[in-house]
There are 2 protein chains.
Amino acid sequence: MPVAVSVGEMDLRCATCPVHHHAVCQALGGLYLHELAGIMTHRHFEAGTEIVHQGETSNLFGIIASGVVKLTRLLPDGRQHIVCLLSETDCIGDVFSAESHDNAMCVTDVELCCFHRKQFDEIVKSHPTLGHHLLQRVTVDLEEARQWLTALGRKKAVEKVAMFIVWMWNEEHEHCLHAPRRVNDMMLHFPFSREEIADFLGLTLETVSRCIGKLDVDRVITLLNAKCIEIRDLDRLRQIAESDI
Amino acid sequence: MPVAVSVGEMDLRCATCPVHHHAVCQALGGLYLHELAGIMTHRHFEAGTEIVHQGETSNLFGIIASGVVKLTRLLPDGRQHIVCLLSETDCIGDVFSAESHDNAMCVTDVELCCFHRKQFDEIVKSHPTLGHHLLQRVTVDLEEARQWLTALGRKKAVEKVAMFIVWMWNEEHEHCLHAPRRVNDMMLHFPFSREEIADFLGLTLETVSRCIGKLDVDRVITLLNAKCIEIRDLDRLRQIAESDI
DNA sequence: CCAGTACGTTGATATAGGTCAAGAAGACAG
DNA sequence: CTGTCTTCTTGACCTATATCAACGTACTGG
């Protein structure tokens, strides 16, 4: 389901909906460019929808205003892997290449600020600060990818799952800083299914389930229900995640 | 072994040694900035030397003129993982953050063009084209990291090893385009030990050895000696690497 | 309230790859 | 050439995780 964004299609709601401006602004490091508003459209996607298809040519460059998106890759025999999980203010699509390396699928309902790749790139080219900021973002993404690389390459199942929980908790808190909630809350409600966690960590859903079970039994977390846990011992959880005995 | 690069320390050989200028020029997408020559020094590192240490603060930003560097991460209990293998024209160090996330170790002897992180960043800031080019490079690195992520998460040992061989072969050919050698040559001499390959692919050296053995028996490659193979059936090798039965 | 469906848990069993150990093959110094 | 060191290969065995299967639980629509 490719998303074509024509220039004339500018959605007037953008001008009146602070959510989208806020997301774009955050994504660009507090920098707000009026030119971008002019070429931005915004779209809603329901959970489970595919935004971009692997291998497909798409001119979409999007910034997530709300919701969670997974980037997945499918091997010829059906094995699947999630290479990245994106949320508020994260970017979908490559400024340089139109060919998408991965499927972008909505984990939850998603609000997306859409730009035409080339138009966005033009603006980037003419705004050094913006380019510099994007460089910083991609650098952070690369660092995060490398962190997961070591996890997938060298960590045990429980360590991976612990790492995933810590990571989710950090993500929550990061967004809390933007839109403060109860910061000390150890409750974590996550939108991912066991299978999604497994596909992200290179495990099977059964193993993920067992590992969460083990962390619960060991009193590191409390499993309130399938999609909601409470962190009981954050330090211990971090130690497990870092393979720090 | 942190590398301090003072402004006055400019190595005059830089002006006379085309290798270094060539590497920098390639790294920056054919763009050559005279300002960079002014702040560049070059250094030689022997195989096995550590250029930057994990967790250490270093102001080095380097471009590899020749040789191979591995970026490794060490877990508290000694498990190790190689997150990236770098060669000619690749960059070491982060423009933004002084703290290094990984060890940079020389796999072979290395010639490095060194810059002071902040000085380099200043020049990047004032040259939009350069910033844009770096963004493109990091984007490619991110894409490559994600490719390995799926490999580590979902591929079998033989598939990983096949992928590694194909990747090495591509790397060779990429560099051939710069300094043309026998392009049709199916011979591949690689500088990595079995342990390094294993640490990169999230396997053990024994498994790597067995997988190479299997590819040899299956007549996909010929193992000439421990560090030299001949690719017999590139298509088949690619199929295995892509998990394409 | 019930049937149907999707998702999660738990148990039994299989297996890919890890671990341990012994040789073989180079590389290098004397 | 010979002994020492390192790296690679090969074999035997073991374990973490995958696989297969059964059962629970929790929404959903009638």
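In what follows, chains carry the letters A, B, and so on, assigned in the order in which the sequence lines appear, proteins first and then strands, with residues in each chain numbered from 1.
Candidate nucleotides C:dT9, D:dC8, D:dT10 were compared by shortest atom distance to the side chain of B:Arg194, and D:dC8 ranks first.
B:Leu223 comes within 4.0 angstrom of the backbone, heavy atoms only, and of no base. Contact annotation for B:Thr204: base contact, defined as any heavy-atom pair under 4.0 Å involving a base atom. Using a 4.0 Å heavy-atom cutoff across all strands shown, B:Lys227 reaches sugar-phosphate atoms only and no base atom.
Note: A:Phe164 and A:Phe192 meet the aromatic proximity criterion, with ring centroids under 6.0 Å apart.
In this entry the distance linking NZ of A:Lys214 with C1' of D:dT17 reads 15 Å, nearest Å. In this structure, CG of B:Leu152 is placed 13 Å from P of C:dG17, rounded to the nearest angstrom. For the pair B:Leu224 CG and C:dG26 P, the computed distance is 12 Å after rounding to whole Å. Regarding B:Leu205, its CG atom lies at a distance of 13 Å from the P atom of C:dC20, rounded to whole Å. The CG atom of A:Asn225 sits 8 Å away from the P atom of D:dA26 (whole-angstrom rounding). Between B:Glu206 atom CD and C:dC20 atom P there is a gap of 10 Å when expressed in whole angstrom units.
Of the candidates B:Thr72, B:Asp102, B:Asn103, B:Gln54 forms a side chain to side chain donor-acceptor pair (under 3.5 Å) with just one, namely B:Asn103.
Considering only side-chain N and O atoms, A:Arg210 lies nowhere under 4.0 angstrom from the phosphate OP1 or OP2 of C:dT9. Close to D:dA18, at under 4.0 Å from its OP1 or OP2, lies a side-chain N or O of A:Thr207.
Side-chain contact annotation: B:His81 with B:Asp199, donor-acceptor N/O pair under 3.5 Å absent.
Identified under the side chain to side chain donor-acceptor pair (under 3.5 Å) test for residues 208-223 of chain A, with sequence neighbours left out: A:Lys214-A:Asp218, A:Thr222-A:Arg232.
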